[in-house]
Each structure stands twice: as C-alpha cells, then as structure tokens.
Amino acid sequence: MTKYVKKNKTKLMRMWRSIERFGQRSVGIVVELLEGLGKAAVMTAEAMAYILKGDIPLKSTVIQMVEVGWYSTPIIILTSFFTGMVLALQVGTATANLFNEPVYVGTVTGLSLVVELGPVLTAIVVAGRVGAAITAELGTMKVTEQLDALYTLGTSPVKFLAVSRFVACFFMLPTLTVIANIIGVYGGMVLTTTSWDVPSSVYWSQCLDFMTVRTFLHGFIKSFFFALIIVIVACHKGFNTKDGAEGVGKATTSSVMSSMVLILISDYFLTLLLVAIKIK
C-alpha cells in the first residue's frame, strides 16, 4: 500500500511539474507577444509622427521606392501572368465539363484576380522579397551596433531608416497590385483565346460587364493595409534582432512567416468590413 501511494505521488509530482513548465512557457510566450506588440506600436506611432510632420528623407525614400516597386515588378508580372492563365484554365475546364463549352471565363478570372488573388498574392510576394530584405538589413545593422551608433549621434533610427520604408511600401504595393491585376487578367485572356478559341472581345466583355469601380476598390483598399503589415513587421523584427548572424536569419524567417500569416488573417476581416460597407 505504501509503495502504491509513493508511486502515485511520484506520478502526480511529475505531472504537476509538467503542467507548471507548460504554464510558465505559455505565460512567457504571451508576455513576449504583448511586449512585441507594444514595441511595434511605439515604432509605428513614431514613424507616423515623422510622416505627418513631413519629416521624410526624400533621397532615401526614392531609393526605397525603386527597391520596393521597380525591382519587384518582374516577379509580380511573372507570378500574376501565370496565375491568370491557371485560373482561366481551371474555370474553362470546369465550365466546359458542365456546359460543353467554356462560359464566364473572363468574369470569374477578372473578379477573382481584382478582388482577392491580385492583392493577396502581390502582398505575399512583396513580403517574401522586400520584407525579408528590410529585416535582414536592419537586423544586420542592429547586431553590428550601427543602430546604437545612431542613438549616440542623437539620430532616431526610426526617422533615419524606417520612415522611408514606410512611405515606399505604402505607395508602391498598391501600384504593384494594379499591375498584377492587369497582367493577371491579360494572362487569362491569352489562355482563353488560344486554348478555348474564345474571341478576346468576348473575354473582355465578360470581365468588364460584371466589374464596377467598387470591385476595383475592394482589392485596392486591401493593398494599403497589407503594405502596412509588411513594413511594420519587417522593421520591428529588424530593430529587435539579437544573437548575431544566427539571429538575423531567425528574424528574417520570422518576419516573412508573420507577414504572410497576418496578411491572410487580415484579408478575411477586411473582406467582412468592405462587404459590410458595400464596397464589393
């Protein structure tokens, strides 16, 4: 009886220690998350204050706009073109099986790209390319103490490094989204006219007949929020990098993954909001 009690007592103690360790880890994760949100909010507020005051480094902003916009254009064109082709192929095949001929290929392709796929895919590509670059660059400056040197010189790293990136992402991502929409719809037209023998005039008629200004605005408005998500996450991860070169790699990976997850989550809630206010 005594051995049985001792054995059960030992099991209970081990279980209690496991629960205690799990609780400590959970609390630590929550505290770290809240601390990160607080730092990101402070950084964003500081950057917005400089922007609203017009205290924007123009030369650095132009360089970042070229980096974010111009250098991202080829991959955006390639991605959106083949996305439009794949979407048109899927729609055409499905409708051909149902109605013995492809119907409404332009309508479904155009609406899907302009409302959802264009903004989301563009944001994900930019997060993978630009967000990673921002985090790696700022993270390297952090671990090599260049940011500390800016503080020592009385210069705010947020003003010197983050403001230009905020402005560049905020204006260039919507521009890239428009390009992605146009190229994606054009890619759908190329496949529709070559594979299904549908005249291009019919395809464009199907696209435009069911689209309004609100349809375009639905995806266009989302791109501004996606831009803020990408630049806030990238700058925050970069400014808080630690543990040397290994930490830069971890921060970059975390930045890209966090941006992608937040883009997909925010897309749902933005869609709910825009549909509720009749922008669809």
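Numbers for residues simply follow the sequence, beginning at 1.
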> For the side chain of Thr122 and the backbone of Pro119, is there at least one donor-acceptor N/O pair under 3.5 Å apart?
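No; zero donor-acceptor contacts below 3.5 Å.
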> Between Phe225 and Ser266, is any pair of side-chain heavy atoms under 4.5 Å apart?
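SC-SC contact between Phe225 and Ser266 ruled out.
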> Any chance you could measure Arg165, atom CZ, to Cys235, atom SG, to the nearest 0.5 Å?
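Spacing of CZ (Arg165) from SG (Cys235) equals 6.5 Å.
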> To check you understand the geometry: which heavy-atom pair defines the closest contact between Ser60 and Ser164, and what is its length?
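Where Ser60 meets Ser164 most closely, the heavy atoms are OG-OG, 3.1 Å.
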> For the atom pair CG (Asp197) and OG1 (Thr193), what is the distance rounded to the nearest 0.5 Å?
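Interatomic distance, Asp197 CG to Thr193 OG1, rounded to 0.5 Å: 8.5 Å.
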> Is it true that Val261 and Tyr268 fall in one hydrophobic cluster, defined by side-chain heavy atoms closer than 4.5 Å?
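They do share one cluster, since a chain of ILVMFWY contacts under 4.5 Å joins Val261 to Tyr268.
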> Among His236, Lys237, Lys242, find the residue that satisfies the side chain to side chain contact (heavy atoms under 4.5 Å, CB included) test when tested with Asn240.
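Going through His236, Lys237, Lys242 one by one, the side chain to side chain contact (heavy atoms under 4.5 Å, CB included) with Asn240 is satisfied by His236 alone.
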> Using modelled atom types and a 3.5 Å cut-off, is there a donor and acceptor pairing between side-chain atoms of Thr83 and backbone atoms of Thr79?
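Between the backbone of Thr79 and the side chain of Thr83 there is a qualifying donor-acceptor contact (under 3.5 Å).
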> Taking atom CZ as the centre, does Phe171 end up with more than 12 heavy-atom neighbours from other residues, nucleotides or ligands that are less than 6.0 angstrom away?
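For Phe171, atom CZ is not crowded (no more than 12 foreign heavy atoms under 6.0 Å).
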> For the backbone of Ala234 and the side chain of Thr135, can you confirm whether one donor and one acceptor N or O come within less than 3.5 Å of each other?
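Between the backbone of Ala234 and the side chain of Thr135 there is a qualifying donor-acceptor contact (under 3.5 Å).
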> Is there a path of hydrophobic side-chain contacts, each under 4.5 Å between heavy atoms of I, L, V, M, F, W or Y residues, that connects Val248 with Ile134?
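No, Val248 does not connect to Ile134 through the hydrophobic network.
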> Report yes or no: do Ile77 and Val86 belong to one cluster of Ile/Leu/Val/Met/Phe/Trp/Tyr joined by side chain heavy-atom distances under 4.5 Å?
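Hydrophobic grouping puts Ile77 apart from Val86.
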> Please report the interatomic distance CD1(Ile277) to NE2(His218), rounded to the nearest 0.5 Å.
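It is 9.5 Å, given to the nearest 0.5 Å.
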> Side-chain donor-acceptor pair under 3.5 Å between Thr271 and Glu116, yes or no?
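Present: a donor and an acceptor within the cut-off.
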> If we only count heavy atoms from C-beta on, is the Val130 to Glu67 side-chain gap below 4.5 Å?
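Result no, sub-4.5 Å side-chain heavy-atom pair not found.
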> Are Val163 and Pro57 close enough that some pair of their side-chain heavy atoms sits under 4.5 Å apart?
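The answer is yes; the side chains approach within 4.5 Å.
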> Are Val125 and Leu176 close enough, and set up right, to give a side chain to side chain contact (heavy atoms under 4.5 Å, CB included), and what steps lead you there?
CA-CA 10 Å; Val125 170; Leu176 291 172; over 6 Å; no
> If you apply the rule side chain to side chain contact (heavy atoms under 4.5 Å, CB included), what do you find for Ile56 with Tyr50, and how did you get there?
CA-CA 7 Å; Ile56 301 172; Tyr50 284 119; over 6 Å; no
> Ignoring hydrogens and geometry, is there a side-chain-to-backbone donor-acceptor pair from Ser223 to Phe220 under 3.5 Å?
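At least one qualifying donor-acceptor pair exists.
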> Please tell me if the side chains of Leu117 and Leu87 come closer than 4.5 Å, counting only heavy atoms from C-beta onward.
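Of all side-chain heavy-atom pairs linking Leu87 with Leu117, at least one is under 4.5 Å.
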> Report yes or no: does Ser112 contribute a side-chain atom to a donor-acceptor pair with the main-chain N or O of Val108 at less than 3.5 Å?
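Yes, Ser112 side chain to Val108 backbone: donor-acceptor pair under 3.5 Å.
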> Compare every heavy atom of Met189 with every heavy atom of Ser200, then report the nearest pair and how far apart it is.
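Scanning both residues, the minimum pair turns out to be CB-SD, 3.9 Å.
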> So for atom CZ, which belongs to Phe216, do other residues, nucleotides or ligands contribute more than 12 heavy atoms lying within a distance under 6.0 Å?
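Yes, CZ of Phe216 has more than 12 neighbouring heavy atoms, counting only those of other groups under 6.0 Å.
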> Which pair of heavy atoms, one from Ile232 and one from Met43, lies closest together, and at what distance?
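Of all heavy-atom pairs spanning Ile232 and Met43, the closest is O-CE, 3.7 Å.
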> Using every non-hydrogen atom in the two residues, find where Gly118 and Thr177 come nearest and quote the distance to one decimal.
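Heavy atoms only, the tightest pair is C-CG2, 4.3 Å.
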> Could you check if a side-chain atom of Phe160 sits within less than 4.5 angstrom of a side-chain atom of Leu150, using non-hydrogen atoms only?
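Side-chain contact under 4.5 Å: yes.
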> Could you walk me through whether Tyr71 and Arg129 satisfy the side chain to side chain contact (heavy atoms under 4.5 Å, CB included) test, starting with their C-alpha distance in whole Å, then the side-chain angles of each, then the deciding distance to 0.1 Å, before giving a yes or no?
CA-CA 10 Å; Tyr71 291 146; Arg129 183 190 173 277; 3.0 Å; yes
> Provide the full list of ring pair (Phe, Tyr, Trp, His ring centres under 6.0 Å) pairs with a residue in residues 192-215, sequence neighbours left out, each pair given once.
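Residue pairs passing ring pair (Phe, Tyr, Trp, His ring centres under 6.0 Å), neighbours aside: none found.
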> What heavy-atom pair brings Ala180 and Ile76 nearest, and what distance separates the two atoms?
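Distance-wise, the nearest heavy atoms are CB-CG2, 3.8 Å.
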> What's the verdict on side chain to side chain contact (heavy atoms under 4.5 Å, CB included) for Phe224 and Leu173, showing C-alpha distance, side-chain angles and the deciding distance?
CA-CA 7 Å; Phe224 288 99; Leu173 185 60; over 6 Å; no
> Any sub-3.5 Å donor-acceptor pair from Thr109's side-chain atoms to Gly188's backbone N or O?
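Answer holds: no.
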> Contact between Val167 and Gln64 at the side-chain level, heavy atoms closer than 4.5 Å - yes or no?
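No, every pair of side-chain atoms sits at 4.5 Å or beyond.
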> Atom OG1 of Thr44 and atom NZ of Lys39: how far apart are they, to the nearest 0.5 Å?
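The NZ atom of Lys39 is 14.0 Å from OG1 of Thr44, to the nearest 0.5 Å.
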> Check this for me: Gln146, atom CD, are more than 12 non-hydrogen atoms of other residues, nucleotides or ligands nearer than 6.0 Å?
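Atom CD in Gln146 is packed in, count exceeds 12.
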> Hey, are the side chains of Cys207 and Val185 touching, using non-hydrogen atoms and a 4.5 Å cut-off?
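Cys207 vs Val185: side chains touch.
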> Quick one: closest heavy-atom pair of Ala123 and Ile230, and the distance?
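Closest pair (atom of Ala123, atom of Ile230, distance): O-CD1, 3.3 Å.
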> Please say yes or no: joined through hydrophobic side-chain contacts below 4.5 Å, possibly via intermediate residues, are Leu89 and Val202 part of one cluster?
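Yes, one cluster joins them.
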> To the nearest 0.5 Å, how far apart are CD1 in Ile183 and CG in Leu113?
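Reported value, rounded in 0.5 Å steps: 11.5 Å.
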> For residues Leu228 and Met48, determine if any side-chain heavy atom of one lies less than 4.5 Å from a side-chain heavy atom of the other.
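Yes - at least one pair of side-chain heavy atoms lies under 4.5 Å apart.
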> Side-chain heavy atoms nearer than 4.5 Å, only ILVMFWY residues, links allowed to pass through others: does that put Val103 and Leu98 together?
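Per the 4.5 Å side-chain linkage, Val103 and Leu98 are co-clustered.
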> Hey, are Thr95 and Glu101 close enough side-chain-wise for a donor-acceptor pair under 3.5 Å?
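Thr95 and Glu101 do not have a side-chain donor-acceptor pair below 3.5 Å.
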> Donor-acceptor check, side chain of Thr215 to backbone of Thr212, threshold 3.5 angstrom: yes or no?
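Yes; judged by distance alone, with no hydrogens or angles, the pair exists.
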> Heavy-atom count check: over 12 atoms from other residues, nucleotides or ligands less than 6.0 Å from Phe239 CZ?
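Atom CZ in Phe239 is packed in, count exceeds 12.
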> What distance do Ser258 atom OG and Ile263 atom CD1 have between them, rounded to the nearest 0.5 Å?
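Here the rounded value is 10.5 Å.
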